[in-house]
Number of protein chains: 2
Amino acid sequence: MGTTQAAQGNGAAVADAPEPKYWHLRTVLVRALDSEFSAGEVLPNERDLSARFGVARATLRQALDQLELEGRLVRRRGIGTLVAAPRMGVPVAGTTGRDSWRIVDAGYAPAPAAVAATLGVPADESVHAVRRLRLMHGQAIGAETLYVPETVASHVPAIFARSSIADSSRARSVLRQLQRLELDGESRSVELGVAEEQQARLLERPPGTPVLVLTTRYQAQGGTVAVAVSTYRADMCRLTFGASGVVDVAPAEPVAAEVRTAS
Amino acid sequence: MGTTQAAQGNGAAVADAPEPKYWHLRTVLVRALDSEFSAGEVLPNERDLSARFGVARATLRQALDQLELEGRLVRRRGIGTLVAAPRMGVPVAGTTGRDSWRIVDAGYAPAPAAVAATLGVPADESVHAVRRLRLMHGQAIGAETLYVPETVASHVPAIFARSSIADSSRARSVLRQLQRLELDGESRSVELGVAEEQQARLLERPPGTPVLVLTTRYQAQGGTVAVAVSTYRADMCRLTFGASGVVDVAPAEPVAAEVRTAS
DNA sequence: GAGTGGTCTAGACCACACG
DNA sequence: GTGTGGTCTAGACCACTCT
């Protein structure tokens, strides 16, 4: 090494698979985290770490980015980089379950196009929208917006019925009516997304934070009577489905299972 | 701008929320993608784009990283950056469903600690492991490893019974026996992960690719008789649950729903 | 003020796919 | 060879938190 470049400096395997430095670093750090650190501990700062490993800070950060995506690190501006606690198992309730939710606000406005289509209402028709936060251990881990057409939640007090006043009276009223419905069931989907400004603020994270987007369609009378779009912090949550909403035992972390593949 | 620095150059909002350049760029690009591009189109190359927007290439790439995480872009080395097709709805079958799976191989080896614990077998005890690929439209979208204790799949032909020979005979035998079981149900969980070398190879993606990790616990006779760990490409998949495994209509993309929040 | 992570730059080389 | 994305560097400033 002489010039300015670096790219695949390649410290370990000599000439096989040009493993990127940041990926190798990640592997090293994973091992260190597993053996020498426990949740809540503070890592050395990025400048020290990058010096210790002989890489540029940007490269080190690329490795830390990965680990943060995996939920193994938490970085706090002005504080440092901490070892994250294991992900929480977040039950996805069989019904509009009885968990710790905190109502944020509610309104009456046109739903996003995709939601309107699912609900089978005209694209520009206003619906009730309830926004709430999901809490766990006093932590905001998810933000949800629940969309309910007026035809479903028709008994909203007259004061709110067609206004766009936002408060928790409307929210409570809408939720109550939804719970009273005889639901045929729910269908759900999960995908990866990033938090936009609004969600990011609710989750107390910067915009762009990866989130698990859970979309729930509440079915009744042969149609979809409500849609909920929830965004859960991908770094902290493991969404759990299934008959029992109980705490689950296995974190299922070792993705790269070793399976003997030859004689 | 005169010196070398840049940081919060802040092109738009003058003095309000110091929005990072890359985030602003992302917003601009999202709009462009929505209005001026369609799936499969090739974007201008990164050097041109960064010049056009007056930012460093690294900054542009930060914006593209976000869009790729959201599954809106696909970057192919040596080719270019393409507009991604909308995510596929991937049904998570109610049972060991009849989808397009391709058996990769199978083996007999100790399961990862977490899996062993869930199965209720000693940590060092060998279990059957079947690895298969999930295909959709001829595309590999997920890789799964299924762990079945020997006590459950006991009728494996003698030739494979306790050897570590890996082939599809063992795989088929194990799958057949699992399907014949009377299952009480399955419980599942979904979390975000990154593909390690092995999975990455199967999914034809570089290591570190974000994946949705789906863990399925098959219940029978009051216990867990098998565990499957599946990793799905997070950029291409939307995992769908629910009574009907049918194609779903609403992509639920607009996460940042606009809810009137004041008078 | 000192220390931390977050953002940004300018320039370089590498690995890959194509003609 | 040419063009593309992928990796890496060295150095800088910004925003935040704590003392």
Side-chain angles (χ1 to χ4, degrees), chain A residues 1-11 15-26 41-51 53-68 73-84 200 204-209 235, chain B residues 1-11 15-26 41-51 53-68 73-84 200 204-209 235:
Chain A
M1 298 198 207
T3 74
T4 241
Q5 62 77 43
Q8 320 289 91
N10 210 339
D16 187 46
E19 187 186 44
K21 273 189 187 178
Y22 77 89
W23 183 256
H24 177 253
L25 237 185
R26 185 206 85 108
E41 273 189 74
V42 186
L43 266 60
N45 73 58
E46 298 183 349
R47 287 159 180 93
D48 285 356
L49 279 177
S50 56
F53 289 108
V55 299
R57 192 179 154 215
T59 303
L60 171 76
R61 279 181 61 78
Q62 218 176 332
L64 296 183
D65 284 345
Q66 289 274 349
L67 293 170
E68 196 177 28
L73 292 181
V74 181
R75 292 193 276 189
R76 295 211 196 132
R77 184 190 283 230
I79 306 287
T81 302
L82 318 182
V83 181
E204 296 168 319
R205 296 253 69 196
T209 301
D235 58 335
Chain B
M1 298 201 210
T3 75
T4 242
Q5 62 78 43
Q8 320 289 91
N10 209 339
D16 187 46
E19 187 188 43
K21 273 190 187 177
Y22 77 88
W23 183 256
H24 178 253
L25 237 185
R26 185 203 89 105
E41 272 189 76
V42 186
L43 267 59
N45 73 56
E46 298 183 347
R47 288 158 179 92
D48 284 356
L49 279 177
S50 57
F53 288 109
V55 299
R57 191 179 153 216
T59 303
L60 171 75
R61 278 181 62 78
Q62 218 176 332
L64 296 183
D65 285 345
Q66 289 275 348
L67 293 171
E68 197 177 27
L73 291 182
V74 181
R75 291 194 276 188
R76 294 209 199 134
R77 178 183 232 158
I79 305 287
T81 302
L82 318 183
V83 180
E204 297 168 318
R205 295 253 71 197
T209 300
D235 58 335

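Quick note on labels: first sequence line is chain A, next is B, and so on, each numbered from 1.
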Please report the distance, rounded to the nearest Å, between [atom1] in [X] and [atom2] in [N].
{"X": "B/Arg77", "N": "C/dC16", "atom1": "CZ", "atom2": "P", "value": "5 Å"}
{"X": "A/Arg205", "N": "D/dC16", "atom1": "CZ", "atom2": "P", "value": "14 Å"}
{"X": "A/Leu82", "N": "D/dC18", "atom1": "CG", "atom2": "P", "value": "12 Å"}
{"X": "B/Glu19", "N": "D/dA15", "atom1": "CD", "atom2": "P", "value": "14 Å"}
{"X": "A/Trp23", "N": "D/dC8", "atom1": "CH2", "atom2": "C1'", "value": "18 Å"}
{"X": "B/Ile79", "N": "C/dA15", "atom1": "CD1", "atom2": "P", "value": "18 Å"}
{"X": "A/Arg26", "N": "D/dG6", "atom1": "CZ", "atom2": "P", "value": "19 Å"}

Would you compute the distance between atom [atom1] of [X] and atom [atom2] of [Y] and round it to the nearest 0.5 angstrom?
{"X": "B/Lys21", "Y": "B/Leu60", "atom1": "NZ", "atom2": "CG", "value": "12.0 Å"}
{"X": "A/Thr81", "Y": "A/Leu43", "atom1": "OG1", "atom2": "CG", "value": "6.0 Å"}
{"X": "A/Leu67", "Y": "A/Asp235", "atom1": "CG", "atom2": "CG", "value": "12.5 Å"}
{"X": "B/Leu49", "Y": "B/Thr59", "atom1": "CG", "atom2": "OG1", "value": "13.0 Å"}
{"X": "A/Arg26", "Y": "A/Leu64", "atom1": "CZ", "atom2": "CG", "value": "12.0 Å"}
{"X": "B/Thr209", "Y": "A/Gln66", "atom1": "OG1", "atom2": "CD", "value": "8.5 Å"}

_Base, sugar-phosphate or nothing for A/Arg57? Non-hydrogen atoms, less than 4.0 Å._
base
*Could you tell me which residues satisfy side-chain hydrogen bond (donor to acceptor under 3.5 Å, both in side chains) with A/Glu46, sequence neighbours excluded, listed by chain and number?*
A/Arg57, A/Arg61, A/Arg75
[N] phosphate, OP1 or OP2, under 4.0 Å from [X] side-chain N/O:
{"X": "A/Arg75", "N": "C/dG6", "result": "yes"}
{"X": "A/Tyr22", "N": "D/dT7", "result": "yes"}
{"X": "A/Asn45", "N": "C/dG3", "result": "no"}
{"X": "B/Lys21", "N": "C/dT9", "result": "yes"}
{"X": "B/Thr59", "N": "C/dT9", "result": "yes"}

_Return whichever of B/Val55 or A/Pro44 has its heavy-atom-nearest nucleotide of DNA chain C closer to the 5' end._
A/Pro44
*Do A/Arg47 side-chain and C/dG5 base share a donor-acceptor contact under 3.5 Å?*
yes
*Assign each of B/Ala58 and B/Glu46 to its nearest nucleotide of DNA chain D by heavy atoms, then name whichever residue's nucleotide is nearer the 5' end.*
B/Glu46
*In residues 60-68 of chain B, what residues come within less than 4.0 Å of DNA chain D, judged by heavy atoms?*
B/Arg61
